[in-house]
Amino acid sequence: MPITNTEPIDPKVYREMGLSDEEYKSVTEALGRHPTYTEVGMYAVMWSEHCGYKYSRPILRYFSKYKEAIDGAGLENAGIIDIGGGLGVVFKIESHNHPSAVEPFQGAATGIGGILRDIFTMGARPIACLNSLRFGSLDDARTRYLFEHVVGGIAFYGNCVGVPTVGGEVYFEDCYAGNPLLNAMAIGVLKHDDIAYAKAEGVGNPVMIVGSRTGRDGIHGATFASVELTEESENRKSNVQMGDPFCEKLLIEATLEALKTGFITGIQDMGAAGITCSTCETSAKAGTGMTIDVRKVPVRETGMSAYEIMLSESQERMLAIVKKGRETEVANVFKKWGLQAVVVGKVTDDGLVHVYDNGELVAQVPAKSLADDAPTYYLKTSEPAYLKDVQNYDLSSIPEPTDYNEALIKLMTCSSIASKEWVYEQYDHMVQTNTIILPGSDAAVLRIRETTKAIAVTTDCNGRYCYLDPFNGAQIAVAEAARNLACSGARPIGVTDCLNFGNPEKPEAFWQFEQCVKGMAEACDFFGAPVVSGNVSFYNETPEMSIYPTPTVGMLGLIENAEKRCTSNFKNTGDVIALISSTCEPDSLAGSEYLNTIHGLAVGKPPALDMDREKRVHEVVIRAIENGLLSSAHDCADGGMAVTLAESCILGKIGADVSMSDCCSNAAALFAETQSRIVVSLPDDGLGALKAIADELMVNCTELGKVGGSKLSVIINDVEVISLDVDELEAGWRTSIGDKMKESGI
Amino acid sequence: MKFGVVQFPGSNCDQDAYYAVRDVLKQPVEYIWHQSTDVSGFDCIILPGGFSYGDYLRTGAVAKFSPVMNAVQEFAANGGKLIGICNGFQILCESGLLPGALIANNGLRFICKYVNVRVENNTSAFSHKCSKGQALSMPIAHHGGNYYADADTIKELEDNNRVLLRYCDERGNVNDSSNPNGSINNIAGIINAKGNIAGMMPHPERAMEACLGGTDGKLILQSIVERLH
């Protein structure tokens with residue numbers, strides 16, 4: 001019996017769930033009647049920004065692959081990048097910001113779990129995780145608590161599932177104090193022949209739920225992601241899911257093994273919006289429908305309503321569509337791994353998702369309407385007023401430091417620049433024994449077994465730059481990611497992005513979003529690294545403040561010959577240090593970490609970026625690495641030239657004598673964050689060959705000095721401005737974060 | 001000669017151990033499923049690292065009740081070579097095949113990094129290719145690697161040359177600052193009285209190739225191969 005004679009839903013109820021009056025009206029039009037309570041809950045979550053991208057969709061069209069996919073075959077498998085030899089790499093980044101703000105340990109842990117399922121649901125074995133984190137200042141006790149438990153949650157989950165966490169980034173800025181960011185990225189490898197699809201094909205095929213039981217955790221998690229954080233958010237811990245990494249590990253092995261049987265015709269992970277999302281999306285993609293009975297779903301609590309079962313975001317579950325008559329074979333694989341696999345329904349041909357509660361129909365919804373017809377909004381944009389003030393700030397009033405050594409030490413120990421060892425030593429970054437450049441260098445590098453290839457991965461975004469100039473800042477994020485890959489010897493092949501912004505309904509925030517996406521899209525196309533997957537996270541605001549616009553770039557690069565790779569540490573006494581750069585414009589401190597740390601200022605127009613020159617700089621370094629010329633290559637970024645040199649010294653446990661002649665101030669020569677610069681070291685006899693490559697690509701190659709001794713010495717225009725023992729530089733840099741965290745308690 | 005790598009649910013270094021034996025040592029190797037009750041035909045069994053059975057209750061506490069462990073116990077009682085790495089060491093201690101226990105690191109955090117360990121006993125089946133006092137560089141990756149035993153047990157281990165490896169600095173000095181997790185006497189690995197069972201927290205299977213950061217792990221696993229030949 002179809003559902004008829006439904007009563008209107010109380011506006012208070014659907015508004016509380018996140019639907020507007022207008023959207024509620026659209027729901028009644030789609031259904032031709034008022035929705036049931038279960039149905040309205042399903043719409044609210046599927047049409048939230050988090051699942052439905054109702055605000056971001058028009059802007060995301062700037063990404064060329066996204067536009068192609070939306071206008072063509074759909075987003076399915078848009079994220080697979082061919083690396084030759086019949087192999088593909090899949091990768092994706094996703095935010096778990098709000099859960100991490102209220103329940104940092106589980107919020108972070110389930111962020112890792114969710115992104116891993118996105119990878120193995122495609123039939124790929126996860127080979128690495130990265131994460132990009134943003135917090136307030138570590139001087140604040142609440143921030144230390146969040147930092148301790150976010151890192152702890154990542155370690156708890158990632159270490160147990162046996163996927164190495166090989167890299168990422170951590171920044172500390174006051175604007176993230178109330179709304180920290182956790183962007184989790186995962187990478188997997190598959191044979192093209194093994195790709196699994198999230199489609200409910202084959203009318204009559206049984207639908208199975210595999211993995212964990214369903215509980216009340218995480219109900220309306222997606223809706224929770226689509227509002228600002230307030231005092232009340234603290235009470236929304238029940239919106240945060242609980243993770244069981246042991247179960248996830250079993251689910252990885254069982255899913256990959258079950259897919260090998262060939263009896264699974266479609267499979268989708270259950271993340272945001274749980275069973276609702278997976279049933280309607282797989283049906284919509286295949287143009288089919290589905291009937292399920294919620295009472296067949298294994299639950300971990302008694303008395304759960306149909307509404308709760310449909311909306312639960314319990315972790316470690318998958319929806320699998322199985323060839324009719326092959327249920328037992330598939331279930332046996334999951335049983336072997338100690339997991340349940342239960343038939344809950346079947347595929348139909350009517351385009352509707354029918355939800356029964358012990359035989360009684362409680363929802364009857366067009367799959368496509370739920371999955372694809374979320375309203376699209378074209379929001380207003382308005383350039384924020386603060387921009388002109390910060391960009392036009394008069395930097396000439398900033399005094400030169402009285403002691404450059406002291407300024408450098410201060411920078412080396414600021415949390416954003418200091419060693420992240422305290423973080424990555426808590427992550428198993430070696431399991432699977434493929435990590436051939438360990439954390440701490442510019443990019444992590446993983447070999448691909450049974451090939452000669454390797455991939456390099458990095459995440460990058462300087463939020464301050466994006467705050468000061470969203471378009472340019474986003475382009476720099478892409479350029480810096482590509483530069484990090486170049487320093488390891490890799491050419492970029494793809495990007496996944498995590499777009500973290502404030503409330504999109506505020507025109508200034510939406511303007512930042514549009515500018516960043518435009519800049520990023522253009523840069524990704526230019527560097528040959530299309531955006532193939534990603535995630536939008538809005539509402540990263542508290543009543544006090546909004547975060548910096550933070551469009552995190554996760555970039556993947558390919559090294560054809562894994563032997564030809566490079567790290568950032570100086571290696572041999574007597575090696576020449578050279579700067580590969582594209583410009584001789586005077587350096588400016590605008591937007592720098594120096595201004596931020598030493599003067600407490602986030603001002604100025606961030607450094608200019610000439611993408612064409614930037615790309616040639618990368619090519620010089622990559623070719624030099626391929627020709628075996630370089631001992632080290634290190635990207636010049638946060639903290640400028642002085643920090644770059646200091647890091648190469650510390651990591652190499654060796655000193656350097658550097659001499660520069662510069663037309664700008666000493667502070668700018670040392671600490672400006674001029675783009676398109678890479679500091680390399682190499683044996684003397686390779687310098688001619690390096691210069692020849694640089695000449696060919698019309699890039700500057702400037703000798704800076706020599707590696708050796710136990711001290712970093714920098715002379716500018718014949719005056720020694722930096723003279724520090726490497727041990728002294730190292731001491732503060734290495735222990736800064738750990739020392740601050742000693743007070744955190746666990 | 002054949003190696004076996006036990007796969008418990010939650011093992012996650014099983015494949016690394018398998019590859020190390022097959023691809024680096026070039027020796028025959030097979031996986032052994034945790035529900036298997038027959039381990040005949042194997043000459044050396046590896047209990048790999050990971051989080052067997054989720055490490056619920058205590059690390060290794062559930063794994064000792066695994067069906068395969070009866071067969072493994074019997075295998076070891078008959079003199080078969082048995083090595084437990086990381087979670088495998090924890091399982092050996094829980095099973096009583098090795099004395100003592102591995103409790104939470106004294107910093108209460110997971111630690112993954114290369115450390116140095118000094119070879120204290122270089123005559124065992126697991127270390128005879130090392131020189132005595134040699135400092136090996138191998139990674140650790142654990143939350144519960146803090147070796148603990150009562151004073152009598154420690155004395156027995158020390159007196160009978162059953163401490164295999166001790167955390168040290170790169171020059172081989174054993175002191176508090178080279179102790180990453182609080183282990184008594186910096187103990188990183190031990191053997192049983194008969195010398196056919198070894199447990200260690202460092203991961204030799206992760207230090208088998210220069211590209212991974214070190215090759216000292218080969219000395220451990222190659223020692224087993226040569227002793228078996």
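In what follows, every chain begins at residue 1, and chains take the letters A, B, ... in the order their sequences are listed.
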Open item on the list: Under a plain distance cut-off of 3.5 Å, with no hydrogens placed, do A:K740 and A:S415 share a side-chain donor-acceptor pair?
Closed with: yes
Open item on the list: Checking side-chain polar atoms at under 3.5 Å, does B:Y53 have a donor or acceptor matched by the opposite partner on B:S66?
Closed with: yes
Open item on the list: Does the structure place the NZ or CZ of B:R118 under 6.0 Å from the centre of the six-membered ring of B:Y167, at an angle of no more than 45° from the ring's axis?
Closed with: no
TODO: Would you tell me whether B:Q90 and B:N87 have side-chain atoms, one donor and one acceptor, within less than 3.5 Å of each other?
DONE: yes
Task: A:E253 portion near chain B, given a 4.5 angstrom heavy-atom threshold - done: side chain
Task: Atom CD of A:E257 with >12 non-hydrogen neighbours under 6.0 angstrom - done: yes
Open item on the list: With a 4.5 angstrom heavy-atom cut-off, is it the side chain or the backbone of A:T433 that approaches chain B, or both, or neither?
Closed with: both
TODO: Side chain from CB out, backbone as N, CA, C, O: work out which of these in A:I437 comes under 4.5 Å of a heavy atom of chain B, or both, or neither.
DONE: neither
- [ ] Give, as side chain, backbone, both or neither, the part of B:Y114 having an atom under 4.5 angstrom from any heavy atom of chain A.
- [x] both
Open item on the list: Which atoms of A:V151 are under 4.5 Å from chain B, going by heavy atoms: the side chain, the backbone, both sets, or neither?
Closed with: neither
Open item on the list: Counting only non-hydrogen atoms closer than 4.5 Å, does A:E248 touch chain B with its backbone (N, CA, C, O), its side chain (CB onward), both, or neither?
Closed with: neither
Open item on the list: Using the ring centroid of each side chain, check whether A:W733 and A:W422 are separated by less than 6.0 Å.
Closed with: no
TODO: Measure A:N434 against the heavy atoms of chain B and call it side chain, backbone, both or neither at under 4.5 Å.
DONE: backbone
- [ ] Using only heavy-atom distances, determine whether the side chains of A:S212 and A:S314 contain a donor-acceptor pair under 3.5 Å.
- [x] no
TODO: Sort B:D55 into side chain, backbone, both or neither according to what part of it lies under 4.5 angstrom from a heavy atom of chain A.
DONE: neither
Task: Which atoms of A:I436 approach chain B - backbone, side chain, both or neither, heavy atom under 4.5 Å - done: both
Open item on the list: Please rank B:G54, B:S52, B:G49 by heavy-atom pairs under 4.5 Å with chain A and give me the top one.
Closed with: B:G54
Task: Partner chain B: residue of A:K336, A:E425, A:E421, A:K249 with the largest heavy-atom pair count (under 4.5 Å) - done: A:E425
Task: Mutual orientation of the aromatic rings belonging to B:Y147 and B:F89 [parallel < 30°, tilted 30-60°, perpendicular > 60°] - done: parallel
- [ ] Could you label the plane-to-plane angle of the A:F156 and A:F105 rings as parallel, tilted or perpendicular, counting under 30° as parallel and over 60° as perpendicular?
- [x] tilted
- [ ] Identify which of A:G338, A:G162, A:G152, A:C160 forms the greatest number of heavy-atom pairs closer than 4.5 Å to chain B.
- [x] A:C160
Task: Heavy-atom contact with chain A under 4.5 Å, split by part of B:E205 - done: backbone
